[in-house]
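Note that the coordinates shown come from a computational prediction; the quantities given were computed from them, not determined experimentally.
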Amino acid sequence: MSSGPVTPAPDGVRLAVRVTPGSPRNAIAGVADEADGSRILKVQVTAVPEGGKANAAAIKLLAKTWKLPRGAFRIASGDTSRRKVIEIAGAPDELAARLKEWMETASDG
């Protein structure tokens, strides 16, 4: 079992997320434990879950927060579900280290 929501992928990393559409603000709300023991990144967006708007808002928020191009992000699974796997293209080791460092810093306060 992974210790966090980031796992290596052949051309980048996979990020397990839970998107909450219709939230009062766009925010990354931290890492949470799921009932099955996995860990996910909680993402809140103001967009509604219609026509891919919430997915697009989540990707825009993540890309802006981590200063990565939006084109590097792709919904790998869970397109119509709150739980998603997002693939981020790039050097797997570099991306994984960067995201894990961000998550540790964010959880510290």
Side-chain angles (χ1 to χ4, degrees):
M1 186 73 41
S2 173
S3 62
V6 179
T7 55
D11 297 323
V13 295
R14 289 178 182 229
L15 178 66
V17 299
R18 183 173 63 222
V19 176
T20 304
S23 294
R25 63 191 178 102
N26 291 324
I28 300 173
V31 177
D33 295 319
E34 293 284 81
D36 65 4
S38 64
R39 302 196 77 205
I40 53 100
L41 185 67
K42 298 185 299 181
V43 178
Q44 302 169 334
V45 295
T46 58
V48 295
E50 296 171 1
K53 291 178 185 174
N55 288 347
I59 287 173
K60 181 178 177 181
L61 174 63
L62 294 171
K64 182 178 178 183
T65 299
W66 295 327
K67 296 176 176 54
L68 295 169
R70 272 192 249 176
F73 292 76
R74 177 180 84 79
I75 305 285
S77 67
D79 196 41
T80 59
S81 169
R82 285 183 177 212
R83 282 186 71 165
K84 305 177 186 307
V85 174
I86 297 176
E87 288 185 350
I88 307 170
D93 293 341
E94 181 183 319
L95 277 173
R98 184 175 180 177
L99 300 185
K100 286 177 184 177
E101 179 182 340
W102 181 89
M103 288 178 208
E104 289 168 7
T105 303
S107 68
D108 290 342

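With hydrogens and angles disregarded, a donor-acceptor distance shorter than 3.5 Å links the side chain of Lys84 to the backbone of Gly78.
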For residues 21-35, run the donor-acceptor check on the side chains, cut-off 3.5 Å, and write out each pair with its distance to 0.1 Å, sequence neighbours left out.
unit_1	atom_1	unit_2	atom_2	d
Ser23	OG	Thr20	O	3.0
Asn26	OD1	Thr46	N	2.8
Asp33	OD1	Arg39	NE	2.8
Glu34	OE1	Arg18	NH1	2.5
Glu34	OE2	Arg83	NE	3.3
Glu34	OE2	Arg83	NH1	3.2

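Between Ala63 and Pro69 the shortest heavy-atom distance is CB-C, 4.4 Å. Of all non-hydrogen atoms in Ile88 and Leu95, the two that sit nearest each other are O-CD1, 3.5 Å. The nearest pair of heavy atoms linking Pro5 to Leu41 is CB-N, 3.8 Å. Pairing each heavy atom of Leu61 with each of Gln44, the nearest pair is CD2-O, 4.0 Å. Residue Pro49 comes nearest to Ala54 through the heavy atom pair CA-CB, 4.0 Å, listed as atom of the first residue, atom of the second, then distance.
Between the CD atom of Glu94 and the CG atom of Leu99 there is a distance of 10.0 Å, given to the nearest 0.5 Å. To the nearest 0.5 Å, atom CG of residue Asn55 and atom CD1 of residue Ile86 are 7.5 Å apart. We find the CD-CZ distance between Glu101 and Arg98 to be 9.5 Å, quoted to the nearest 0.5 Å.
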Evaluate the side chain to side chain contact (heavy atoms under 4.5 Å, CB included) criterion for residues Thr7 and Val85: first the C-alpha distance (whole Å), next the side-chain angles of each, then the deciding distance (0.1 Å), finally the verdict. CA-CA 10 Å; Thr7 55; Val85 174; over 6 Å; no

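No path of Ile, Leu, Val, Met, Phe, Trp and Tyr side chains, each step under 4.5 Å between heavy atoms, connects Val43 with Val48, placing them in separate hydrophobic clusters. No single ILVMFWY cluster, assembled from side-chain heavy atoms under 4.5 Å apart, contains both Ile59 and Ile40.
Classification of the Trp66-Phe73 ring pair by plane angle, with boundaries at 30° and 60°, yields parallel.
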